[in-house]
Each structure stands twice: as C-alpha cells, then as structure tokens.
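Note on naming: letters A, B, ... go to the chains in the order of the sequence lines (proteins, then strands), and numbering restarts at 1 for each one.
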Amino acid sequence: MKRLIDWIDQRTGMQGVLHEVLFERIPGGARWRYVWGSTLSFCFFVQILTGLFLWMAYSPSANSAWESVYYIQHEMTGGWFLRGLHHFVAQAMHVLLVLHLLQVIIDGAYKAPREVNYWFGVVLLMITLGLGLTGYLLPWDQKGFGATKVATSLVGIVPGVGPALQKLVVGGSDYGHHTLTRFFALHAGVLPGLMIAAIAAHVALFRKHGITAKQPYRKPDANFWPDQVLMDGIACMAVLVTVVYLTVRHHGAELHAPADPTQPFNAARPEWYFLFLFEFLKLDFLTQWFGHHGELVGAILIPGAVMGILAAMPFIAGWRLGHRFNLGFLSVLLLGAALLTVKSMRSDASNPGFQAAVAQARTEADRVVTLIKTAGGIPREGAAALLKQDPAIVGPRLFAQHCASCHRYGGHDGQGLVSSEPPSAPDLKDFGSAAWLRGLLTPSQVTNLAYYGGTKFKTGKMVRYVQEKLPKLEAKHPGALESLIEAVVAEADLPVNRAAAEARKPLIEAGRVAVTTSFGCTDCHAFRKADDDATAPTLTGWASREWMVRLVSDPTHADFYGQRNDRMPSYLKDGRLSEREIGLVVDWIRGDTDPAARLKPVTAAR
Amino acid sequence: MNASPDSAPRPRRRFLTEAAAGAVGACCAGVPLASGLVAWLDPLSRSGGAGDWIEVADVASVPTDGTPVRVTVISGRSDAWTREAAVPVGVVYLRRSGPTDIVALHSVCPHAGCFVDYQTDRKAFFCPCHDSTFAVDGSINDPRSPSPRSMDTLGVEVRGQSVWLRFQNFRPGIPAKVALT
Ligand code: FES
C-alpha cells in the first residue's frame, strides 16, 4: 500500500496537494462561523451527483420531458427521493448563499485584497440563480411552464435586442422542443461548467489570501484538518438532514400536471426565492413613475443596479462609512426582499381565485397520475392527451366557461368559484339522481334558484303541477311518488345507480305505470314511446348520456323545449362546443368519470 | 507532518476528531450517491414482460410446401413511460413442419443478434453479419457457422384459423437457449 502511494505520489505530487488542502492554517483555530463556504460546496457536490443521475432518466423534449419526470417521480425506485434531494438542495443553496454573503460583508471579508475573490462570489450567486431559473422549466409541468414564460417574456423587454434575445433564449418564437434542449444545456452543461470554474477560482483565491480570521482569537492556531473539517462536516450534515426531512415530508418535489399552453394556469408562481422579484414587479410605483417602462425598470434596471452596487461594495468600503453603507444596503435589501416575499404569500393566501387555481392544479396533478396508472402507461401523444380526454378535468373546465354563466354546480362554477350573480338556470350537481328529482318535485323547492327559480318556467305549467296537483296526487297514491322517481331516474342510468338497478326493478316497474297513469306525466311529456303531441321535454332516457348530449346540442329540438326554450343556447348547432366536448361535460355531470371504466389497459391486438 | 500545535499533545482526542470528521464526510457523500445509485439500478428490478400469446397470422397464409414466411409480430409494448397498444416488436418466420404443424423461428441470429434472412434460391437461412447459415428448419447446416445454436423456436398454437405465438427474445452468443427478461 505504502509503495503504491509513493509510486502515485512521485508521478502526481498528490500528497503535496492533499497536504495543502487539509493543512491550511486557520489562525485562532476552528470556528463554526467558517462553515458556510463548505456547506455551499457540499450542496454543489450533491447537485452534481443527483443531477447526473437525474440526467440518466430525463428526456428534454416537449412531449417527453414531463413524461420522463413522471417516470422518475412515480415509477423508478427511489426516483422521488433523488428528485426531491435535487430540488430541496437547490433551495438550501439559495438560503446558504445569502447567509454566506451576509457573513462575508459583516466580517469585512470582501475588502482589499480579497475583491476579486468576492466578485467570484457574486458571480456564483448569479449562476446559482440561473440554475434555479433554468431548472424550474425542465419538468415541463404547468407550474414551471407558466413561471418560465413570464421570466422569458421579461427578457423581451430589454430595449433593442430584447425580442431577438428572447427568441434565442426560447429557441424560437414559441415554446417547444428547443426551449427544453436549450434550457437543459444551460442547466446541466453551461452553468455547472461555469460554476466549477468560478468555484475553483473562488477557493484558490481564498487559499491565497487565507481565511478572514475573526478577532479576537479564542484558541491557538490550528489546521483545517481535522477540527474545522469536522465542524464543516457537521454543518453539511445538518443541511443534509434538513433536506432529507423536507424531501420525505413532501414526498419529493411537486410535479404538476403536464404543461398545456392552451389552458390558462392561474396558479403560476416562480420558485419562492424569486417571489420577491415577482411581487416587486407588481408594485404600483413602477407604473406610476415610469409608465409603460415600469417593467423594464423593475425587472432589468433596478436588479441590475442592485447587482452593480453589490459588485462595487469592495470599492465603497474604501470610503469613510463605506462599510457601514454596505452593511445597511444589504440589510435593507434582504429585509425588503423578505417583506415582499411575505406580502406575496399573504396576498395569495387571501385570494380565493388563486387558492381555487392551486386546488385545481393539485387535482389535475393527482388525476393525471391516476389516469396513467389505469391506462398502464402514457400514450405516444403524451400525458396531456390523457387529461384532454378526461371528463373529470375537462368537464368542469368547460362547464365553468360555457355553462356557469347561467347554471351552477353545487353552488359554484364547477371549479369551486362562487359567483355573486344569482343563477338563471338549474343547479346541475347530481342531475339525474333521485335526490335531484325529488327536490324538483317538492312544492317548496321547485321555484328555488337551484331549480326553476331563475328561469321563465318559474311560472310555468310544471311548477303549477308540482305546487298544486302533486300534493293531492301524493295523498291519493301513498308511496307512488317514490316509485315514480325511481322509474324516471332509471332512465338516467347514472353510473352510481347501476349496481343497485337490479334490486330496484319492481319499484321501477310500478313507477313506470304511475308516470303514464295516476300522475299524468305523459299528458305533457313523452315517456318510453313516441308521442307526437308531447309539449314538454321527453322523459324517455331522461338525463341519460344520449339525452343530455342531445339536449345540450339543441334544446330547441321538439323532443326538448322546442319553441319554449328559455335562453339556453344550442351548443352544437351554434358551433359553441363540439360533440366530443359536450360529451365530456355530460360525462362529468353524470359522474361517469371512473378511469377504470373508460380507459381499458392497452392490450395487444392484431 | 503533524504541525498543529494543539493536537500534538493529545493524540487520542485528535484521533477521535479525525474519525468523526471522516465518518461525517462519508455520510454526507454517501446519502446522495446512494440515492442516485438506487434509481440508476432500477432497470434490474424490472422484467421485460413474460411473452404473452399474440395472434400473428392466418393459418392460410403459411405456405403448404414448407417454405418459411416472414411475419411481423405486432404487440403492445411499454418503453419506460410510453405504453403503446400495437407496435412491431419483432419478426419471425412461420413454416409448416407437417400437414397441421406450424413452427416459428426467431429472426434474430443466436450468434450476435443480427437479422437472419431467408434465401429462397438456396432454400436456407443466412445471417449476413458473420455468415452463419441455417437449414430451412432452423438447424445449423454448415459446421463453419459461428452461431452457437440453431435458430430459436417460439411457442406456436393454432387456434381456429389463426396462428398464435408466444413471443420472446433470447440471449445471443451462448449454446443454451435462455429467454431474456
Ligand atoms: S450475428 Fe449472425 S452470424 Fe454473427
């Protein structure tokens, strides 16, 4: 062993290097306040390592990036942990950088002769921010996509070269494959390469000038090894434990649903360490003072000036009170950033629209995983295609867009937003169920806003029937109303009722008779047979998929409201929605969203 | 080498510190390294699907004179995240070995995995990579063939009017026929 070491040493001088690394002198002995630089190096080391392993599973293209990250997160053994480490260490790095910078300023370690070393530190700060920014897009999920879109459009406001620069950053005039390949090359190649070079220079200069020892010395001088190494190690361990805790607690990093440029995503926010900038750009004074140059000033000039002052700090320190100014400037900067971050978080917390968007984003993220697991994989078109065919996701979205200006769904617009306007059409939650129909047939409820209250039918025949005739009929035929409801609801064939349909058969049969005879429904409605002089919507197949799709397609059809239709648009006839879209809304309202029933796992077929 | 003024008189304490520093360092490096390795080793815990029965051809399409016919096997396939319902997964030769018997020969050469071609004029299989030749029944018909075994046969069943196949791939380069998982 000794001979081997000697052999290598004679050819490489390895021991000398090692000796220099480990036995650098620390005046005044090891201290906890010297650990920050090492924790940052450690973080970078973890990022390189986890990043390389993630790279082995990541596929940078617009229709495979999300899918590959999904695979890492949900399929690969320990993939979520690996990804979580990478994610949270990145966050830790930003925190530690700020602490390191703070300490360097407080201890005066940026002053002559260490200016150049300090500048390398500022460069490292910018590279780290760049890594955070580029990394955020790579999963190609709604969150990263939305946030990065904002960031890249800010590039476009740079005077003169802005549009060209933006095109270069994005890799075209729109987001796509080359956005990802470019961001990925920056994130995994260019920036880490620059970082390694900058760290090397930073550490070399640090060695050249020695540590900025804190006076007074409490202990005799010592070497880096082993006391300071142990302290550094413990500090790194503390970082690691924190990061592992966060990773396990959040089950890795969040992965939103795949990006869909055709859908608004109102929950888009940058990573939390950029929130202050995001909030800063929203401050009124920018537009008040600078008009339409506000963005330019807020996103480019002011941050640029701040970076300039940071870089100039070693010179400023040369003036009288310069060091005090630097300290004050940094404190104000950090305090301001902290306040803006808090402001941003608080305004989001009290914004119901944002909260609904976040909840919706979570639902979609969970749903797409369910869909993939049910289908046994992702189709070649990508995971977004699965969501686009899913009534549970598309249904409420279309409902909110096209139906919720008149209808409600459980009081809200389908996506959880409650309007202050009263509805002008029935609430369609549970439409087709016995509970819904029973409500309609209850004299005290039929003119509620959830039923006919908002429509012109409020004073119509049906309401008069329910309020005047029905109570008498009910008294005359006790129990018959229940069987009538069963019979009409059986027409809907809702998925929830299918299991019990067999057992209800006798009741349904009795109800069918009641519809045509004792209760006289067929005086106006058709029921289970053609009826040319029916004047009200047909009850044949009432609330079934076909019935609903036809009604939505054209409520003015003679089978439905005909001439009496009250404001309801003919969605298919007027070209407002396609048949497929109507089907998705209808499936959602009918609760026909079980992926197991809709997506058969793909099997071989010739 | 030991230049530290405070540690020279207390070797025991120094040793403990050194050991602790080493252990902590190893732990810090070990956690990320291990988490990466675990994910990287993931393929070892996955198998490639255990040869489902696939319908590949009509019985009538297999020549009655014993000439092999080349058939593309269409099947569902998973490639990491992508799941496809029907894509080509391989090519086999079907051939009648008797009035009612059909055999299937894998088109992948057992030597090093090249595509084995059927040459109608020579009435034999030929692999262009290293010149292995096989008789029409798949057996090695030239002692100079580098292939260590005959062409691989696959499980075949005739169900009604169609030929069903249990499609698998086999490890090349060894005398034994071992299915790849
Ligand atoms: S691969 Fe066929 S002969 Fe070598």
Could you have a look at Gly25(B), Ala80(B), Ser78(B), Gly22(B) and say which one has the most heavy-atom pairs with chain A under 4.5 angstrom?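 If we count pairs closer than 4.5 Å to chain A, Ala80(B) comes out on top.
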
Which one of Ala20(B), Cys27(B), Gly36(B) has the most heavy-atom pairs closer than 4.5 Å to chain A?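 Going by pairs under 4.5 Å, I would pick Gly36(B).
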
For the residue pair [X] and [Y], what are the closest heavy atoms and their distance?
| X | Y | answer |
| --- | --- | --- |
| Leu85(A) | Pro32(B) | CD1-CA, 4.0 Å |
| Met237(A) | Cys28(B) | N-SG, 3.6 Å |
| Arg83(B) | Ala375(A) | CG-O, 4.2 Å |
| Ala21(B) | Trp225(A) | CB-CZ3, 3.9 Å |
| Leu82(A) | Ala39(B) | CD2-CB, 3.8 Å |

Rounded to the nearest 0.5 Å, what's the gap from CG on Leu16(B) to CG on Leu230(A)? Could you check?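 Nearest 0.5 Å value for the CG-CG distance: 10.5 Å.
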
How long is the span from the OG atom in Ser45(B) to the CE atom in Met76(A), to the nearest 0.5 Å?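 These two atoms lie 9.0 Å from each other.
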
Between Glu75(A) and Trp81(B), do the side chains contain an N or O donor and an N or O acceptor separated by less than 3.5 Å?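 There is no such pair between these side chains.
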
Using the side chain to side chain contact (heavy atoms under 4.5 Å, CB included) rule, take Arg13(B) and Asp227(A) through it: C-alpha gap first, then chi angles, then the decisive distance, then the call. CA-CA 10 Å; Arg13(B) 184 185 167 276; Asp227(A) 288 17; 3.9 Å; yes

Identify which part of Met56(A) has an atom lying under 4.5 Å from any heavy atom of chain B, answering side chain, backbone, both or neither.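 Looking at Met56(A), just its side chain touches chain B.
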
Heavy-atom contact with chain B under 4.5 Å, split by part of Leu240(A):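 Only the side chain of Leu240(A) comes within 4.5 Å of chain B.
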
Heavy-atom count check: over 12 atoms from other residues, nucleotides or ligands less than 6.0 Å from [X] [atom1]?
| X | atom1 | result |
| --- | --- | --- |
| Arg207(A) | CZ | yes |
| Arg159(B) | CZ | yes |
| Gln161(B) | CD | no |
| Arg380(A) | CZ | no |
| Phe115(B) | CZ | yes |

Could you give me the CA-CA distance, side-chain angles and deciding distance for Leu33(B) and Leu49(A), then say whether side chain to side chain contact (heavy atoms under 4.5 Å, CB included) is met? CA-CA 7 Å; Leu33(B) 184 65; Leu49(A) 208 60; 3.8 Å; yes

Which portion of [X] sits near chain A, non-hydrogen atoms under 4.5 angstrom:
| X | answer |
| --- | --- |
| Ala23(B) | neither |
| Thr17(B) | both |
| Leu37(B) | both |

Which residues in residues 120-130 of chain B have a heavy atom less than 4.5 Å from any heavy atom of chain A?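 Expected list: none.
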
Largest heavy-atom contact set with chain B, pairs under 4.5 Å, which of Gly79(A), Ser68(A), Ala383(A):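 Of the options given, most contacts go to Ser68(A).
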
Asp42(B) side chain to Thr77(A) backbone, donor-acceptor under 3.5 Å: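 Side chain of Asp42(B) to backbone of Thr77(A), a donor-acceptor pair under 3.5 Å: yes, one is there.
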
